[in-house]
Amino acid sequence: MDKTSFIIITVDGPAGAGKGTLAARLAQIYSLDFLDTGLLYRAVALKMLESGEDFNDKEAALRAVLLLNSDDLINPSLRNEAIGSGASIIAVFPEVRSALLAFQRNFASNPSPGKQGVILDGRDIGLVILPEAPCKIFVTASPEVRAERRLKELHQKKIYSTFELILEDMEERDTRDRMRKISPLRPAKDAFILDTTGLNLQDVVEKASFFVDSIYPQAHKNQ
Ligand code: DC
């Protein structure tokens with residue numbers, strides 16, 4: 001696989017902007033290996049919760065990072081809202097971030113046979129993890145729209161919550177992710193900013209694919 005045909009796409013953005021859904025769809029269209037990097041932070045938080053640790057305890061977070069293995073990334077409990085908030089708390093520790101950096105870069109440079117490349121979604125992929133990636137997408141949406149989408153998702157899973165609770169949690173998480181000193185959430189200079197407020201999934205995928213095609217015109221596509 002030569003460098004020009006090897007696709008590397010980064011998808012960053014705040015909680016609930018639709019990056020995971022978009023990244024999964026692009027992975028399918030362009031035959032890419034997909035890593036949802038939020039799962040790494042969530043898996044650390046889940047390990048801490050299971051052993052009764054405080055999310056603010058940096059040493060405990062680092063111990064949990066060292067125990068991580070790829071099986072930890074498929075636990076359905078990772079999607080719980082409490083784990084999402086815990087993940088955002090432990091994500092402020094620079095030592096935790098650097099311990100997870102190698103895993104992410106290693107994933108990006110070793111796609112499975114038959115894949116055209118990789119796609120990673122998270123908060124700092126375009127800016128810190130893979131700054132050389134040619135194709136960077138930053139997905140946003142208004143907090144209200146993101147909270148509404150999250151509420152729908154939870155209702156589908158029969159999890160009870162309210163719009164107000166989700167919006168409050170989301171704004172708290174956004175502030176923490178944007179204000180942290182190391183790798184704060186913000187778009188890379190060369191990122192394509194995709195505001196999904198008022199767009200449906202099909203529109204979002206269309207706009208993103210148009211951008212990917214402009215960077216990788218030779219890419220093979222599955223429709
Ligand atoms: O994308 P998510 O909701 O699964 O992420 C959970 C938290 O993990 C998020 O609030 C901040 C942290 N995170 C991060 O700091 N950097 C990433 N690349 C991915 C997630």
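Every number for a ligand or one of its atoms is a count from 1 in the order of the listing. In what follows, every heavy atom counts, from backbone to side chain, and hydrogens, waters and symmetry copies are set aside. Bear in mind the structure is a predicted one, so any value in this text is a computation, not a measurement.
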Point to revise | ring-ring contact (aromatic ring centres under 6.0 Å, His included) partners of residues 63-104, not counting sequence neighbours, each pair once | key: none

Check your understanding: Under the side chain to side chain donor-acceptor pair (under 3.5 Å) criterion, do Ser88 and Arg173 qualify, and how do the steps go?
Key -> CA-CA 7 Å; Ser88 146; Arg173 197 128 79 85; 5.5 Å; no

Check your understanding: In this structure, are over 12 heavy atoms from other groups packed under 6.0 Å from Arg180 atom CZ?
Key -> yes

Check your understanding: Below 4.0 angstrom, N of the basic side chain to O of the carboxylate: do Arg150 and Glu153 qualify?
Key -> yes

**Study point:** Under 4.0 Å from ligand 1 - residues by heavy atom, chain and number
**Key:** Lys19, Thr37, Gly38, Tyr41, Arg42, Ala87, Ser88, Ala91, Arg97, Gly122, Arg123, Asp124, Ile125, Arg173, Asp177, Arg180

Check your understanding: Is the shortest distance from a Lys or Arg side-chain nitrogen in Glu148 or Lys152 to a carboxylate oxygen in the other one below 4.0 Å?
Key -> no

Point to revise | Arg149 and Thr21 side chains, donor-acceptor separation under 3.5 Å | key: no

